[in-house]
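Notes for the one structure printed next.
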Number of protein chains: 2
Amino acid sequence: MTENLEDELRLSVMRLARRMRLERDDGDLPDHQLSVLFVLLREGPISIGLLSEHERVTPPSMNRTVNAMAQWGLLNRASASDDGRRVLVDITEAGRRAAGEIRRRRAAWFSLALRELSEAERGSLGEAAVLLQRLADS
Amino acid sequence: MTENLEDELRLSVMRLARRMRLERDDGDLPDHQLSVLFVLLREGPISIGLLSEHERVTPPSMNRTVNAMAQWGLLNRASASDDGRRVLVDITEAGRRAAGEIRRRRAAWFSLALRELSEAERGSLGEAAVLLQRLADS
DNA sequence: TATTGTTATACTCTATAACTATA
DNA sequence: TATAGTTATAGAGTATAACAATA
């Protein structure tokens, strides 16, 4: 792949992600809360400390975010049974619903956008999906 | 493309973009300032109002951000010659350097990640780049 | 004594409302 | 009178430092 194509790929991924992030309503959750919900969906119950590392914020900041979200019923806090210091955070049914709404909205937009492509082009993107996944994990 | 593949593509794009955004140092610009620089690079001189729409913040908020960035010499403010009310914001050489640094860091990481793929796989991604670009614009 | 989380405090970014300057 | 931007003020989100509880 030429360097130019590499840049084009990188930039288009960034811009497409931004475009998808914009598929939200005014009443939706703040970005950082939404991001926490997605982590919980992906990783399951997790401590405040790990959550703060994952989201690249300090533990006090994450603590505050988690408290706000617990007040809204989006997640639960519970002491870890094996270590009284740790707090395990888990998503609630309401949290799942909130995250699901955004996900559906993004998926709906994306589906429509994909229909503008040809069958062959969609096939190319299908091949690419698994590769992008691998890159994200590296 | 099956619905499942559609989801996989959407999620992998989001996650790869996040992974790339993380390629920054502590001393780097705040996200919203960086985002403004990227808009200026892409769109050239632009008014405060359009900039605030593009970044989805209110005009007073963007005004503040622009002032801070002007103080750091990252951009220039100038009245529009044809309309004394409008302010045209343009990136400076220092702004270009700051944006370029992040871009280089992301490009370097991405280059390394791509080397883990086969030649054929990189070819697939090359094809996909232009399609992702088109989706981002839709 | 080290680790996990919390409280106290301050700074930054954001928003709404009210204001100024220009059209 | 309408529009582009600014100032005033307040509400979130974040950070650092100091503290409490548990290991």
Side-chain angles (χ1 to χ4, degrees), chain A residues 18 21-22 24-40 43-90 95 98, chain B residues 18 21-22 24-40 43-90 95 98:
Chain A
R18 181 192 168 110
R21 271 198 307 277
L22 292 179
R24 53 200 304 292
D25 280 350
D26 277 353
D28 289 340
L29 294 177
D31 280 348
H32 65 287
Q33 291 191 16
L34 188 60
S35 187
V36 165
L37 288 187
F38 286 158
V39 173
L40 294 178
E43 321 251 322
I46 185 177
S47 73
I48 302 258
L50 285 176
L51 203 45
S52 74
E53 276 179 37
H54 194 285
E55 295 300 294
R56 302 285 181 109
V57 297
T58 57
S61 178
M62 184 51 69
N63 183 54
R64 195 190 173 95
T65 296
V66 162
N67 282 341
M69 293 175 74
Q71 270 198 319
W72 286 98
L74 299 170
L75 49 74
N76 280 320
R77 303 171 50 116
S79 298
S81 55
D82 59 329
D83 183 342
R85 294 170 305 181
R86 290 174 66 226
V87 170
L88 284 182
V89 176
D90 198 3
Chain B
R18 181 190 170 113
R21 270 198 307 277
L22 293 179
R24 53 200 305 291
D25 279 350
D26 276 353
D28 290 339
L29 295 176
D31 281 347
H32 64 288
Q33 291 191 16
L34 188 60
S35 187
V36 165
L37 288 187
F38 285 158
V39 173
L40 294 178
E43 321 251 323
I46 184 176
S47 73
I48 303 254
L50 285 177
L51 203 45
S52 74
E53 277 179 36
H54 193 284
E55 295 299 294
R56 302 285 180 111
V57 297
T58 57
S61 178
M62 183 52 69
N63 184 54
R64 193 192 174 94
T65 296
V66 163
N67 282 341
M69 293 175 74
Q71 270 200 320
W72 285 98
L74 299 170
L75 49 76
N76 279 320
R77 303 170 51 114
S79 297
S81 55
D82 60 328
D83 183 342
R85 294 171 304 182
R86 291 173 66 227
V87 170
L88 285 182
V89 176
D90 199 4

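No hydrogens, no waters, no symmetry mates; every other heavy atom, side chains included, goes into these values.
- For the pair A/Arg21 and A/Asp31, the salt-bridge criterion is not met [side-chain N within less than 4.0 Å of a carboxylate O].
- For the pair B/Arg64 CZ and D/dT9 P, the interatomic distance rounds to 13 Å; values are reported in whole Å.
- Listed pair A/Thr58 / D/dA15 meets the phosphate criterion, a side-chain N or O lying under 4.0 Å from OP1 or OP2.
- Considering only heavy atoms from C-beta on, A/Leu75 comes within 4.5 Å of A/Val36 through its side chain.
- If A/Thr65 and B/Leu50 are placed on DNA chain D by their nearest nucleotide, the residue sitting closer to the 5' end is B/Leu50.
- In this structure, A/Met69 places its CE atom 16 Å from P of D/dA12, rounding to the nearest Å.
- Regarding B/Asn67, its CG atom lies at a distance of 14 Å from the C1' atom of C/dC13, rounded to whole Å.
- A sub-4.0 Å separation between OP1 or OP2 of C/dT4 and a side-chain N or O of A/Ser47 is absent.
- A distance of 7.0 Å separates CG in A/Leu88 from OG in A/Ser47, rounded to the nearest 0.5 Å.
- Nucleotide D/dT14 holds its C1' atom 13 Å from the CG atom of B/Asp26, rounded to whole Å.
- Relative to the side chain of A/Arg86, the nucleotides D/dT14, D/dA8, C/dG5 differ in distance, and C/dG5 lies closest.
- Using a 4.5 Å heavy-atom threshold, the side chains of A/Val57 and A/Thr65 count as separate.
- The side chain of A/Asp83 lies closest to D/dT22 when the candidates are C/dC13, D/dT22, C/dG5.
- Distance A/Arg56 CZ to D/dA15 P: 12 Å, rounded to the nearest Å.
- Closest-nucleotide positions on DNA chain D for A/Ser81 and A/Met62 were compared, and the one nearer the 5' end corresponds to A/Met62.
- With hydrogens and angles ignored, the 3.5 Å screen pairs no side-chain donor or acceptor of A/Arg86 with any backbone N or O of A/Gly49.
- Between A/Ser61 and D/dG13 there is no side-chain polar atom (N or O) within less than 4.0 angstrom of OP1 or OP2.
- Rounding to whole angstrom units, CD of residue B/Gln33 and P of D/dT14 are separated by 17 Å.
- The distance between atom CD of A/Glu53 and atom P of D/dT14, rounded to the nearest whole Å, is 16 Å.
- In this structure, the nucleotide among C/dA17, C/dG5, C/dA23 sitting nearest to the side chain of B/Arg85 is C/dA23.
- The CD1-P distance, from A/Ile48 to D/dA20, rounds to 19 Å in whole Å.
- Candidate nucleotides C/dT14, D/dA17, C/dG5 were compared by shortest atom distance to the side chain of B/Val57, and C/dT14 ranks first.
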